[in-house]
Amino acid sequence: MTAQDSIDESLYSRQLYVLGHDAMKQMSSSSVLIVGVQGLGAEIAKNTALAGVKSVTLYDPAPVEVADLSTQFFLRAEDVGKQGVTRASATASRLAEINTYVPVKVLDVPELTKEVLSQFQVVVMCNQVLSEQLRVNDLTHNSGTHFLAASIHGLFGSVFADLGADFVCKDATGEQALSGMVVSVAKDNEGLVTTLDETRHGLEDGDYVTFSEVEGMTELNDIEPRRVTVKGPYTFTIGDTSSFGDYKRGGLFKQVKQPRTLHFASLRESRAAPECLVSDFAKMDRPPLLHVAFEALSQFAEQAKRLPRARNAEDAAEVRQRAQALATERGVMPGDEAGQKLLAMLAEELAFQAVGNLSPMVAFIGGFVAQEVLKACSGKFHPLMQYMYVDCLEALPSNVASLPESEFAPQGTRYDGQTAVFGTSFQERIANARQFLVGSGAIGCEMLKNWSMMGLGSGANGQIYVTDMDTIEKSNLNRQFLFRQKDVGQFKADTAAAAVADMNPDVKGKIHSFQNRVGPETEDVYGDAFFEKLDGVTNALDNVNARQYVDRRCVYYQKPLLESGTLGTKANTQVVVPNLTESYSSSQDPPEKSIPVCTLKNFPNQIEHTIQWAREQFDELFLKPAENVNLYLTQPDFIASLGASDAGAKQQLEQVKEYLVEGRPQTFDACIAWARLKFEENYVNMIKQLLFNLPADAVTSTGQPFWSGPKRAPTPLAFDAQNPLHMEYIVAAANLHAENYGLKGTADPAVYARVLEQVSVPAFEPKTAKVQVNDNEPVPAASNAAEDEASVEELVASLPAPASLSGYRLQPVEMEKDDDTNYHMAFITAASNLRAVNYAIQPVDRYTTKGIAGKIIPAIATTTALATGLVNLELYKLLDHKTELSKYSNAFVNLALPFIAFSEPIAAPRNKYNNTEWTLWSRFDIDRDVTLREFLEFFRVQQLEVTMVSSGVSMLYSDFMPPKKKEERLGLPMSELVQSVSKKPLPAHVKNIIVEIMADDANGEDVEVPYVNVRIRP
């Protein structure tokens, strides 16, 4: 893809909502050079190519070694030692497959000279010695070529960025520009602006805003962006307005993002006093110590012509001494004994792990650096200033210090990079793990890639299970990197499993893929036998309900759960450890704020309101009526189910009559006429009726103008066949209406011109009716129940008998956002923008409309890669069976800022009954199908008097039941009781029933207690 080419929105759709078109165009003219193509270089190259830069060039003349297979997922065993094959050449062809728009080249030069480097906008050096980083950065600094360097050694990582002395960051955060409504503007030397008190303005000191639609003080509408000083959540000042006109009413403010010029020092200039991003606030003292430790390691490597041997005390001592000398020389040697011990520990451990290469660390650092590449190309988001150091030492096995050096020595296998850090016995534990992955989309693909490189499940007792009911779509290819164009239409789980088995043949036959959802309906598949053989579960899901269900199953089966999610450049990860942490469902985000109904119906003031209205219109016109017609034709009890006196029944039957009888088109011409009348109904008559009820000069009971603040007085449209927006609506609506009836549509302008000339549009006649002004008011009743009942009977009598239309069906149209040829988004965009014009709201393009109407979650491969890397670092800890809460980490990341924060998981809250403590992981287990009497006695022994017993929604027992009913139930086995009360048989696969109880403790006080698990079948 070149800068001149249009962006393929069907491929980059999710990423476009992260970066925007301007940034994507900048990237499409940027060439990137990756120096060093081991695992880290491959990860950065993969993420950069997926993002859509102009080209990716690889430079690594070294031959492929077995150790490369630890993390380099583009290499294969047959590449090792092959004559004339370098890491770069072996990688290039497979890298090129992931995005056909991005050419992948191999650089074949003896040395990186200034002339060679000047061909690229960004150069990334991966795991290169410090002297070479310094040499290359000296050539690139202030040359127009941006420089990044990154290294990984076991559980340690480092990143450096030099984007030049004057780098322009166009948008530091990437957050949507803030906007709001103005209530008043003071005419004085401060210019105090008061905003609508429904929502906080959200501005910060130093932000800039512009104004529009201000009445009276119209000078504000024409001025350049003004700098804001925040005075409160609903007020801010903009400077002297004393010479302006008097403010009358109205007005909108909008934040204007201002570019920032950032100043980077070169690597050579910054070495002595590095500016470091704190990546872990619990380790704020470590970055300067790691800085000298990494430099000491590089000194060792250059002098010895090798990295320190794994867990070798002699090599580690030399690195430690070099680090201590550098720290003293630079003035960063800690003054206290604890600090000096920390430096010694970090330097020694870095040396111990220097030859280590871990896939999760590659994903973590590779995702981070790739995002920095995109920032350098586009100026979008704030780049790293200028160093970042990380260590994830909590992932080390608890017994690592007691193991002999031989445990870490190379064995000549693809896992040598991992065993150098964890040892061979821990590698066996990884290989024999049994993990269940729920979902194989973006996070799922990255997860499987990591597991393949780690050798997870590859042992004699190891297994990986993955399920995903979805098939591959083109838009997936931009971030679900295991899939290719040829895979579109195939099941994700099957394709992903096959792809990673190709990466590492050791996992072939160890990955089992399924195509079903994990939910109540598949508990016969994912039941006791399935969960009992697992070591853990990893979620790769895209909705909260599914996550919560899997979480409940993990709590029930006492299995650890790894959870993660991304939103654009933001990511979060969570580890759930049985009997230690809270579960995923223990905390929930607040519900999404909905738009008030009266705002949607009568008083929109933002484009989001008109888009939501248009989205609902789509279903009201093309989905629900067709479904109702089909129900009427196929369901004998359809009319009875509506309720004879229900006003909603009348509306549904009127829909059936319109779509089946009165408005049933026989030709496409009739569909065009229908669309024209819908235009008149929605954008002319509806607005005239509203203004008839609430004229533009209407006042409230207090004498204030009704149309003020968030309420904007609308203007009816006048249909114009020469107006492109008007015709976009007609064309889309007509074709969708035709689709309902199986008629062939067209976009031929001549056909529309001919038909529209002949359409007779009835004159508008206003009606007297009450308007619902806010959601607290009752919805105005159109008629009384008796009238509705009579109308329903009349409507039923006017409909043809279903038998007379045997086999006839309409085709309901369900909204599909990703097909640009189906008129779905064309209709919603046109319908929304027409309503926006009604209310003087600025219309938006189809791309913006699609994001809001389709509730598209912004996504980019960089964030996904980083999140999965962090998740798998926690997997190492779970496999080590760590029991200290402080060893685990949840994470929140925003790569745009950049910001990384690790936090200790929240401990499972403790409750108590009598003298027994319990958590959400606790339960009572009864190992046989006891009678209700035995069940109650079970708890009396534990000094708990049960007052109520329920299972699901069925109440099985309560102390206020009639004595006769109690007696009838006491002798029934629990399984029989549940079936009797619920009137539903227990499925054959169900071996246990979950029962909840209410009980009084030994003191007669009502207490919370765990749930009860009753075994009913062996």
Side-chain angles (χ1 to χ4, degrees), residues 11-20 23 43-44 46-48 50-52 173-176 279 360 362-375 380-381 437-450 468 470 473 475-483 492 496 538-548 550-551 561-576 584 588-589 592 851 854-875 889-903:
L11 175 65
Y12 295 111
S13 61
R14 305 305 185 264
Q15 180 176 291
L16 275 165
Y17 291 102
V18 182
L19 299 174
E43 181 68 36
I44 297 168
K46 180 257 291 180
N47 294 328
T48 304
L50 286 172
T173 66
E175 299 294 335
Q176 188 173 359
S279 60
V362 162
F364 173 19
I365 302 298
F368 183 94
V369 174
Q371 189 66 57
E372 296 303 305
V373 172
L374 304 187
K375 293 175 187 178
K380 183 70 177 273
F381 308 136
L437 177 64
V438 188
S440 57
I443 289 175
C445 282
E446 293 289 340
M447 207 68 69
L448 286 172
K449 177 259 287 180
N450 277 274
D468 196 313
D470 287 345
E473 300 174 1
S475 63
N476 300 149
L477 305 181
N478 172 239
R479 64 201 187 283
Q480 300 176 19
F481 96 104
L482 294 179
F483 308 142
K492 288 183 178 181
T538 301
N539 268 348
L541 292 161
D542 61 0
N543 70 88
V544 170
N545 289 338
R547 287 179 165 122
Q548 289 176 334
V550 175
D551 177 65
L561 172 67
L562 291 165
E563 176 60 66
S564 59
T566 69
L567 179 69
T569 59
K570 299 170 185 173
N572 67 279
T573 66
Q574 181 181 358
V575 56
V576 177
Y584 171 81
Q588 297 181 30
D589 292 332
E592 187 177 340
K855 297 183 178 179
I856 291 177
I857 298 173
I860 190 167
T862 51
T863 315
T864 306
L866 180 142
T868 53
L870 295 177
V871 165
N872 283 300
L873 288 169
E874 298 307 303
L875 179 57
S889 293
N890 294 339
F892 175 78
V893 179
N894 188 343
L895 288 178
L897 301 179
F899 174 82
I900 302 174
F902 294 100
S903 63

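Keep in mind that this is a model prediction, so the values were computed, not measured. Positions are given from 1, in the same order as the sequence printed here.
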Taking side chain to side chain contact (heavy atoms under 4.5 Å, CB included) as the criterion, tell me which of Ile443, Asp468, Val550 meets it with Leu541. Val550
Would you please test Phe381 and Leu19 for side-chain contact (heavy atoms from CB on, under 4.5 Å) and show each step? CA-CA 9 Å; Phe381 308 136; Leu19 299 174; 3.6 Å; yes
Distance col, row Asn890:CG vs Gln574:CD, nearest 0.5 angstrom, shows 5.0 Å
Side chains of Asn894 and Thr569 only: does a donor on one sit below 3.5 Å from an acceptor on the other? yes
Pairwise side-chain contact, Phe368 with Ile900, heavy-atom cut-off 4.5 Å (strictly under): yes
Do Lys492 and Glu473 meet the salt-bridge criterion of a basic N to acidic O distance under 4.0 Å? no
For the CG atom of Leu448 and the SG atom of Cys445, what is their distance to the nearest 0.5 Å? 7.0 Å
dist Glu175:CD -> Lys570:NZ (nearest 0.5 Å) comes out at 3.5 Å
Closest non-hydrogen atom pair, Thr868 against Met447: CG2-CE, 3.7 Å
Grab the two heavy atoms, one from Ala442 and one from Arg479, that are nearest each other, plus how far apart they are. CB-CG, 3.9 Å
Quick one about Asn539 and Glu563 (side-chain donor to acceptor, distance below 3.5 Å, no hydrogens or angles considered), yes or no? yes
For Ile856 and Pro858, work out which heavy atoms get closest and say how close. O-CD, 3.4 Å
State, with a plain yes or no, whether a side-chain heavy atom of Leu567 is found less than 4.5 Å away from one of Ile857. yes
For side-chain contact (heavy atoms from CB on, under 4.5 Å), just list the numbers for Leu895 and Val893, CA-CA rounded to whole Å, side-chain angles, deciding distance to a tenth of an Å, and then say yes or no. CA-CA 6 Å; Leu895 288 178; Val893 179; 4.0 Å; yes
Answer whether the closest heavy-atom distance between the side chains of Ser889 and Glu874 falls below 4.5 Å. yes
Just by modelled atom types, is the Ala891 backbone N or O under 3.5 Å from a matching donor or acceptor in the Thr573 side chain? yes
Drop me the distance from Arg14's CZ to Asn478's CG, to the nearest 0.5 angstrom. 9.5 Å
Looking only at heavy atoms, what is the nearest atom pair of Gly367 and Ala865, with distance? CA-CB, 4.2 Å
Could you label the plane-to-plane angle of the Phe892 and Phe899 rings as parallel, tilted or perpendicular, counting under 30° as parallel and over 60° as perpendicular? tilted
Output the distance between atom CD (Glu372) and atom OG1 (Thr48), rounded to the nearest 0.5 Å. 11.0 Å
May I have the step-by-step check of side-chain contact (heavy atoms from CB on, under 4.5 Å) for Thr538 and Val438, ending in yes or no? CA-CA 6 Å; Thr538 301; Val438 188; over 6 Å; no
Would you say the side-chain atoms of Glu446 and Asn450 include a donor-acceptor pair closer than 3.5 Å? no
If you take all heavy atoms of Ser13 and Ser475, which pair is closest and at what distance? OG-CB, 3.6 Å
Check whether any side-chain N or O of Asn543 sits under 3.5 Å from a backbone N or O of Ala546 as a donor-acceptor pair, and report yes or no. yes
I'd like to check Lys375 versus Lys380 (side-chain heavy atoms, cut-off strictly below 4.5 Å). Are they in contact? no
Kindly indicate, with the supporting measurements, whether the criterion side-chain contact (heavy atoms from CB on, under 4.5 Å) is fulfilled by Tyr12 and Leu477. CA-CA 9 Å; Tyr12 295 111; Leu477 305 181; over 6 Å; no
When rounded to the nearest 0.5 angstrom, what distance separates CD1 in Ile860 from CG in Asn47? 8.5 Å
